[in-house]
Undergrad: 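This is the structure I want to talk about, given as structure tokens.
In what follows, chains are A, B, ... by sequence order, proteins preceding strands, each numbered from 1.
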2 protein chains.
Amino acid sequence: MTVASAPRPERPSPRTAFLLTQLGAHAADRFAARVAEIGLTPRDAGALRALGRSPGISQRELAGRLGTVPSRLVALVDDLENRGLVERVRSAKDRRNYELQLTDAGTALLAQLRTVADAHQDGLLKTLDDDERLVLSRLLAKVAAGAGLGPDGHPGYARDESRHD
Amino acid sequence: MTVASAPRPERPSPRTAFLLTQLGAHAADRFAARVAEIGLTPRDAGALRALGRSPGISQRELAGRLGTVPSRLVALVDDLENRGLVERVRSAKDRRNYELQLTDAGTALLAQLRTVADAHQDGLLKTLDDDERLVLSRLLAKVAAGAGLGPDGHPGYARDESRHD
DNA sequence: TATTGTTATACTCTATAACTATA
DNA sequence: TATAGTTATAGAGTATAACAATA
């Protein structure tokens with residue numbers, strides 16, 4: 001026993017994983033609060049983003065991207081449609097499915113959503129300078145890669161766009 | 001218009017907050033899977049940790065630390081008690097409340113839990129070397145501080161030990 | 001009267017499977 | 001028969017408030 005009293009190098013603090021979980025939950029809460037101000041749930045937001053990127057997809061396809069089951073999309077799309085944000089257009093090729101489209105109002109709200117997401121990120125990372133943000137972003141991407149998540153977040157097998165910002 | 005085509009410096013990628021949320025959810029899932037192997041839910045794990053650190057607290061106190069409502073603790077403690085991990089001891093000073101204690105089995109399981117938590121963190125951060133882990137840990141602590149969470153994770157107003165690792 | 005623990009009730013969210021209409 | 005969407009039902013999880021025992 002040569003080392004007498006090191007300043008606690010013992011366990012490399014299992015707090016980092018813990019912190020990551022806590023911060024993730026906090027970020028999700030904050031995001032939910034922010035999008036609520038423009039009348040959206042995080043899931044709504046995910047749907048709008050997916051439809052913005054991939055107009056015309058079916059409900060099943062959207063369900064897959066949101067990581068949920070098709071039956072749950074019915075009420076979600078009903079709601080978005082009732083609010084005039086999304087349209088259900090019967091596919092001409094295969095009249096069993098819909099081709100979901102953003103309306104003009106939906107597109108406008110998506111733009112607002114992007115602003116909100118930017119503000120959210122800025123608020124969340126306000127204590128970091130630009131360099132630190134970059135480093136954090138790279139480290140998180142590295143962790144995500146190790147976890148089998150794409151660098152953008154979603155897992156390869158079941159990309160889940162419902163777990164938002 | 002002097003700048004013609006910069007390589008996309010436009011938005012500083014709102015993906016970092018998004019990634020943080022996704023990784024947090026992923027870490028929570030993984031942790032839940034790991035503790036399930038020793039028969040615990042994340043909430044159980046939080047209760048054991050809290051009782052390890054603060055033996056003799058009441059159910060209300062424990063509820064506060066777990067960020068839940070007292071009524072929900074009844075079933076939780078019932079379960080832990082039935083499995084012989086926790087004891088309800090009537091307080092001699094104030095016979096309205098219990099002084100919750102870990103049993104020997106509970107203490108042993110808590111030790112196992114710590115091993116599991118270490119393995120969890122190691123698995124999660126496996127793509128990072130020691131330096132990177134340290135940097136990540138510091139950056140996350142900084143973000144947590146800005147978010148009003150203590151450096152250990154929990155929010156000052158309602159530290160939530162149920163959102164685990 | 002106030003407080004701890006408890007129970008009862010209702011509400012939300014979700015998953016599963018049955019149903020329809022198209023193919 | 002197989003698939004997209006829908007509906008119905010049941011289950012888990014949670015919050016709220018009423019209740020008994022003790023202070």
Undergrad: Assign A:R90 to base, sugar-phosphate, or nothing according to its heavy-atom contacts below 4.0 angstrom with the strands shown.
TA: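 Here A:R90 touches no strand at all.
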
Undergrad: Look at the side chain of B:T68 and the base of D:dT14, then say whether one donor and one acceptor between them are separated by less than 3.5 Å.
TA: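 Checked by distance alone, the answer is no.
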
Undergrad: Give the rounded distance in Å between these two atoms: CG of A:L73 and C1' of C:dC13.
TA: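 Rounded to the whole Å, the gap is 14 Å.
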
Undergrad: In this structure, are over 12 heavy atoms from other groups packed under 6.0 Å from B:D130 atom CG?
TA: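 Count not over threshold, so no.
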
Undergrad: In whole angstroms, how far is the P atom of C:dT4 from the CG atom of B:L62?
TA: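 Those two atoms, CG and P, are 14 Å apart.
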
Undergrad: Between atom CG in B:L76 and atom P in C:dT6, what is the gap in whole Å?
TA: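 About 12 Å, once rounded to whole Å.
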
Undergrad: Grab the CG-C1' distance between A:N97 and D:dT6 for me, whole Å please.
TA: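 Interatomic distance, CG of A:N97 to C1' of D:dT6: 14 Å.
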
Undergrad: Let me know, please, whether A:K93 or B:E99 comes out on the 5' side of the other along DNA chain C by nearest nucleotide.
TA: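 Looking at the nearest nucleotide for each, B:E99 comes out on the 5' side.
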
Undergrad: Is the base of C:dT14 touched by the side chain of A:S71 through a donor-acceptor pair closer than 3.5 angstrom?
TA: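 Counting by modelled atom types and ignoring angles, no donor-acceptor contact under 3.5 Å is found here.
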
Undergrad: Starting from the C-alpha separation in whole Å, work towards a yes-or-no answer on salt bridge (Lys or Arg N to Asp or Glu O under 4.0 Å) for B:R43 and B:D79.
TA: CA-CA 12 Å; B:R43 201 175 293 270; B:D79 182 46; over 6 Å; no

Undergrad: From the list D:dA2, D:dT14, D:dA21, which nucleotide is the closest neighbour of the side chain of A:R96?
TA: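 Of the options given, the side chain of A:R96 lies nearest D:dA2.
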
Undergrad: Taking only side-chain N and O atoms of B:Y98, does any of them lie within less than 4.0 angstrom of OP1 or OP2 on C:dT3?
TA: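 Answer no for this pair, as no side-chain N or O of B:Y98 is under 4.0 Å from OP1 or OP2.
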
Undergrad: So does B:R95 get a side-chain nitrogen or oxygen closer than 4.0 Å to the phosphate oxygens (OP1/OP2) of C:dT3?
TA: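 For B:R95, the contact criterion (side-chain N or O under 4.0 Å from OP1 or OP2 of C:dT3) is not met.
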
Undergrad: Under the 3.5 angstrom rule, does the side chain of A:R133 hit a backbone N or O of A:L125 as a donor-acceptor pair?
TA: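 Yes; judged by distance alone, with no hydrogens or angles, the pair exists.
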
Undergrad: Nearest whole angstrom, please: distance from the C1' of D:dT6 to the CG of A:D79.
TA: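 In whole Å, D:dT6 C1' and A:D79 CG are 17 Å from each other.
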
Undergrad: Would you say B:R72 reaches D:dA15's phosphate, i.e. side-chain N/O to OP1/OP2 under 4.0 Å?
TA: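 Checking B:R72 against D:dA15: at least one side-chain N or O falls below 4.0 Å of OP1 or OP2.
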
Undergrad: When you measure from the side chain of A:Q59, which nucleotide among C:dT6, D:dT6, C:dA23 comes out closest?
TA: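 Comparing C:dT6, D:dT6, C:dA23 against the side chain of A:Q59, the answer is D:dT6.
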
Undergrad: Measure the distance from CG on B:D94 to P on C:dT3 and round it to the nearest whole Å.
TA: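 Distance check: B:D94 CG to C:dT3 P gives 12 Å.
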
Undergrad: Measure CG/B:L66 against C1'/D:dG13 and give the value in whole Å, please.
TA: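 One finds 16 Å between C1' of D:dG13 and CG of B:L66, rounded.
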
Undergrad: Spell out, as yes or no, whether a donor-acceptor pair under 3.5 Å connects the side chain of B:Q59 to the backbone of B:Y98.
TA: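 No, B:Q59 side chain to B:Y98 backbone: no donor-acceptor pair under 3.5 Å.
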
Undergrad: At under 4.0 Å between heavy atoms, what does A:S58 touch on the DNA or RNA strands: base, sugar-phosphate, or nothing?
TA: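 Sugar-phosphate, no base atom in range.
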
Undergrad: Might you point out which heavy atoms bring B:L124 and B:H26 nearest each other, and give the distance in Å?
TA: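 Looking at all heavy atoms of both residues, the shortest contact is CD1-CD2, 3.9 Å.
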
Undergrad: For C:dT4, does OP1 or OP2 lie under 4.0 Å from any side-chain N or O of B:R60?
TA: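 Yes, because at least one side-chain N or O of B:R60 sits under 4.0 Å from OP1 or OP2 of C:dT4.
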
